[in-house]
Amino acid sequence: MRKNEEDQTAILVRCGTGVVLGGAAALLVSRAVLLLSSVAISRGALGEGLLYQVTVAGCVLGSFAGGLLAVRRCGARALIVGLCTGGVLFLLLLTVGVLLFDAHSVEQGGIGLACGCLCGGAAAGLLGSGKKKSVKKKRRK
């Protein structure tokens with residue numbers, strides 16, 4: 001075993017904790033976006049008809065931020081980690097909706113929320129991998 005190789009369980013634990021922490025961070029960011037948008041709606045800057053679109057945008061931004069955190073923490077398989085972070089955010093939103101509001105999020109536009117969470121996480125996985133392609137030096141002849 002080389003020095004820089006880790007045990008598979010250590011990699012799995014690191015990625016699992018990254019996904020869970022990314023999901024929690026995504027929930028906080030999406031709630032902050034929703035708080036700012038509710039202030040804008042109450043002041044009249046945004047119309048009430050935009051509520052669903054703002055909610056989906058908050059899910060996209062939250063899962064993107066949480067996905068970036070998880071991808072940087074994990075370091076490998078960035079797209080899968082980003083998608084899992086988006087899935088964790090959707091499950092957290094679904095759990096909060098069922099526990100606090102006695103409403104199933106899937107019945108009330110949850111498909112858009114799920115797509116927003118997964119798209120934001122996938123974008124974080126694609127953009128946040130940080131792997132840079134090596135530039136080959138040209139040989140002089």
Side-chain angles (χ1 to χ4, degrees), residues 1-140:
M1 187 183 256
R2 290 185 289 173
K3 288 181 183 178
N4 59 355
E5 288 183 8
E6 290 183 74
D7 190 30
Q8 286 294 99
T9 57
I11 294 171
L12 189 62
V13 167
R14 186 181 71 222
C15 288
T17 55
V19 166
V20 171
L21 287 175
L27 184 66
L28 292 175
V29 169
S30 65
R31 293 300 166 196
V33 169
L34 290 176
L35 177 68
L36 292 175
S37 63
S38 67
V39 168
I41 288 173
S42 68
R43 289 188 177 183
L46 289 176
E48 290 181 20
L50 296 174
L51 186 62
Y52 183 70
Q53 290 84 358
V54 169
T55 304
V56 173
C59 289
V60 170
L61 291 174
S63 63
F64 183 74
L68 284 177
L69 177 73
V71 165
R72 287 188 182 141
R73 188 171 175 91
C74 186
R77 295 181 177 92
L79 182 60
I80 295 172
V81 170
L83 284 171
C84 288
T85 304
V88 166
L89 174 63
F90 178 69
L91 290 176
L92 286 172
L93 290 174
L94 187 67
T95 303
V96 167
V98 168
L99 290 177
L100 296 180
F101 303 113
D102 292 329
H104 300 286
S105 177
V106 178
E107 295 172 354
Q108 299 173 352
I111 301 299
L113 294 178
C115 290
C117 291
L118 292 176
C119 288
L126 292 174
L127 298 176
S129 63
K131 294 183 180 179
K132 299 187 181 190
K133 296 179 182 177
S134 62
V135 178
K136 294 181 182 179
K137 294 181 180 180
K138 294 182 180 180
R139 287 183 161 178
R140 290 187 174 179

Shortest non-hydrogen separation from Ala65 to Val29 and the atoms involved: CB-CG2, 4.0 Å
Which is it for Ser37 and Leu34 under the side chain to side chain contact (heavy atoms under 4.5 Å, CB included) test, yes or no, and what are the steps along the way? CA-CA 5 Å; Ser37 63; Leu34 290 176; 4.2 Å; yes
Between Thr95 and the options Leu93, Leu92, Leu99, the side chain to side chain contact (heavy atoms under 4.5 Å, CB included) test singles out Leu99
Rounded to the nearest 0.5 Å, the CD1 atom of Ile80 sits from the OG1 atom of Thr85 at a distance of 11.5 Å
Leu89 side, atom CG; Leu94 side, atom CG - distance, nearest 0.5 Å: 11.0 Å
For the residue pair Tyr52 and Leu113, what are the closest heavy atoms and their distance? OH-N, 4.0 Å
Minimum-distance pair of heavy atoms, taken over all atoms of Gly110 and Phe90: O-CE1, 3.5 Å
Disulfide (SG to SG under 2.5 Å) pairs touching residues 15-95, sequence neighbours excluded, are Cys15-Cys74
Arg73 side, atom CZ; Leu21 side, atom CG - distance, nearest 0.5 Å: 5.0 Å
If you look at every heavy atom in Gly116 and Val60, which pair is closest and at what distance? O-CG2, 3.3 Å
Taking all heavy atoms of Ser63 and all of Gly121, pick out the closest pair and write down the distance. OG-N, 3.4 Å
CG of Leu79 to CZ of Arg77: how many Å apart, nearest 0.5 Å? 12.0 Å
Using every non-hydrogen atom in the two residues, find where Leu118 and Gly87 come nearest and quote the distance to one decimal. CD2-N, 3.9 Å
